[in-house]
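Below: the structure, in structure tokens.
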Amino acid sequence: MSRSFDDDNIVLPSDQDSSGRTLGADEVDAVRRAIESGTLTSTKGSFTKSLESRFAETVGSREAWACSSGTAAVHTAVAAIDPEPGDEIITTPITDMGALTPIVYQGAIPVFADVDPRMCNVTAETVRARLSPRTRAIIVTHLFGNPCEMAEIVDVAREHGVPVIEDCAQAFLATSGGKQVGAIGKVGCFSLQQGKHITTGEGGLVTSDDEDLSRRMFLFINKAWGYGDEKPDHYFLALNYRMSELQGAVGLSQLDKLADVVRQRVRMADRLTERISGLDGIETPWVAPGNTHVYWKYCLRVDASRLPGGSPELGRRLKERGIASAPRYIQKPAFECEVFRDQRTFGSSRWPFSEARAEALDYSPERFPGSYEALEGILVLPWNERYAEEHVDYIATALESAVSEGR
Ligand SMILES: *Cc1c(COP(=O)(O)O)cnc(C)c1O
């Protein structure tokens, strides 16, 4: 089929504005009620508290606490673990920076594990290769909404006696081995930033089944002030990471829509997979057996030996057809960013990196073959719950034509 893309360009919905979001009358009404109540702090209001209890129920965890961002959620999780300065936390080099800097703020050393290039996630094997006597926790990111193989990772963590923190910012309602992410490890972290499955503009949530960790997370979000205690005090070093009632109100309305948001994203992603799975040089998303993907983004792998120019060239051809994409996702593994490479932390101290074992800071490329292979080949397509069949068919047709032109 030949088709001119100049004549009938479709504008795809965007998660950066109302075209690709589910924000509407419900959220307006909830915010109006929050404002009319006159109580905008979540320490006194009811919206954020309801969001917390309903979110815990949704994830299947005992507790959930709201906070100000996904970054704050990860910081809260790390602070609850309470590492000693210089302790190591194993993590991934392909994630959002907000999953990494909290480790350093809490005085711990991020130790990067390699990823499986098929899904860009760490595995039990790559995590095991970075374990040391100083390992204090493992943080996994379920990248693009595609979960890690959790059963094996939890086994490694258990053998070593350390907790797993799940970064679920991109993976609301995803499952691994029949269990929902955020309820598999000791702590789950979520983001409600503009571009996530559901949003309050900025915002975050943490989940846990563990009573002690939950208590510490509640306190960390609240300047460690012992609300409700007989003799409250500020018990330890902590920040104000609270969510406001305005966000709580929006979040509560958004949560009602989450199941439909995920269903639509998955249905449309499956449609695209069906349309393009025969295309030479293109690999559709690989999902580990027993896991379900919730498609925060739709990530293709491009085989440069079959499609000259690989992912960047295919991205250019899609752009000519009105479709934005991100070759490589993040441009480089996180450890190549200046903050880690040059250890720019507190004054000129380089702390806590100054306390680290040399091996923990060894970012030699040969230790990360999967990560470089992954970034080299991926092409990330934006995705949201407003994608309908016509949008998906447009993308599929554009991909077919871009691929055939490319060879
Ligand atoms: C978005 C995101 C974060 C950070 O969340 P913010 O709300 O932007 O602070 C952390 N981890 C992952 C995997 C993310 O996608």
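Computed from a predicted model, the values in this text were never measured in an experiment. In listed order, ligands and their atoms are each counted from 1.
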- request: May I ask you to list the atoms of ligand 1 that are less than 4.0 angstrom from any heavy atom of Asp167?
  value: 10 (C), 11 (N), 12 (C), 13 (C)
task: Compute the centroid of each ring, for Phe335 and then for Phe112, and state whether the two points are separated by less than 6.0 Å.
output: yes
- prompt: Hey, is ligand 1 close enough to Thr141 that some N/O pair sits below 3.5 Å?
  reply: no
message: For ligand 1 and Asp96, I'd like to know whether there is a polar contact (N/O to N/O, distance under 3.5 Å).
response: no
- request: Considering only NZ, NE, NH1 and NH2 on the basic side and carboxylate oxygens on the acidic side, decide whether Arg367 and Glu359 come within less than 4.0 Å.
  value: yes
- prompt: Is any side-chain N of the basic residue among Asp209 and Arg62 closer than 4.0 Å to the acidic one's carboxylate O?
  reply: no
- prompt: At what distance is the nearest protein heavy atom to atom 6 (P) of ligand 1, and which residue and atom is it?
  reply: Gly70 N, 3.5 Å
query: What atoms of ligand 1 come within less than 4.0 Å of a heavy atom belonging to Ser69?
result: 7 (O), 9 (O)
message: Please work out, at 4.0 Å between heavy atoms, whether the side chain, the backbone, both, or neither of Ala169 comes within that distance of ligand 1.
response: side chain
query: Any ring pair (Phe, Tyr, Trp, His ring centres under 6.0 Å) pairs touching residues 270-294, not counting sequence neighbours?
result: His293-Tyr295
- request: Could you tell me whether some N/O pair between Lys196 and ligand 1 is separated by less than 3.5 angstrom?
  value: yes
field: Test: Glu283 and Arg118 ion pair at under 4.0 Å
entry: no
message: When you compare ligand 1 with Leu192, is there at least one nitrogen or oxygen pair between them that comes in under 3.5 angstrom?
response: no
query: Which atoms of ligand 1 are found less than 4.0 Å from any heavy atom of Gln193?
result: 7 (O), 8 (O)
field: Nearest-neighbour protein heavy atom for atom 15 (O) of ligand 1, which is reported as residue plus atom name and distance
entry: Gln170 NE2, 2.8 Å
field: Short N-O contact, Arg216 and Asp82, less than 4.0 angstrom
entry: yes
Atoms of ligand 1 close to Thr95 [distance to a heavy atom under 4.0 angstrom, numbered from 1]: 13 (C)
- prompt: Between Phe368 and Tyr363, does the ring centroid distance fall short of 6.0 Å?
  reply: no
Contact check: Glu202 vs ligand 1, nitrogen or oxygen atoms, below 3.5 angstrom: no
Donor-acceptor pairs under 3.5 Å, side chain of residues 89-100 to any protein atom, not counting sequence neighbours: which ones?
residue : atom : partner : partner atom : Å
Thr92   : OG1  : Ile94   : N            : 3.1
Thr95   : OG1  : Thr141  : OG1          : 2.9
Asp96   : OD1  : Gly98   : N            : 2.7

message: Taking only non-hydrogen atoms of Met97, do any sit less than 4.0 angstrom from ligand 1?
response: no
Which of the ligand 1 atoms, numbered from 1, are nearer than 4.0 Å to a heavy atom of Thr71: 4 (C), 5 (O), 6 (P), 9 (O)
Glu336 atom CD, neighbour heavy-atom count above 12 within 6.0 Å: yes
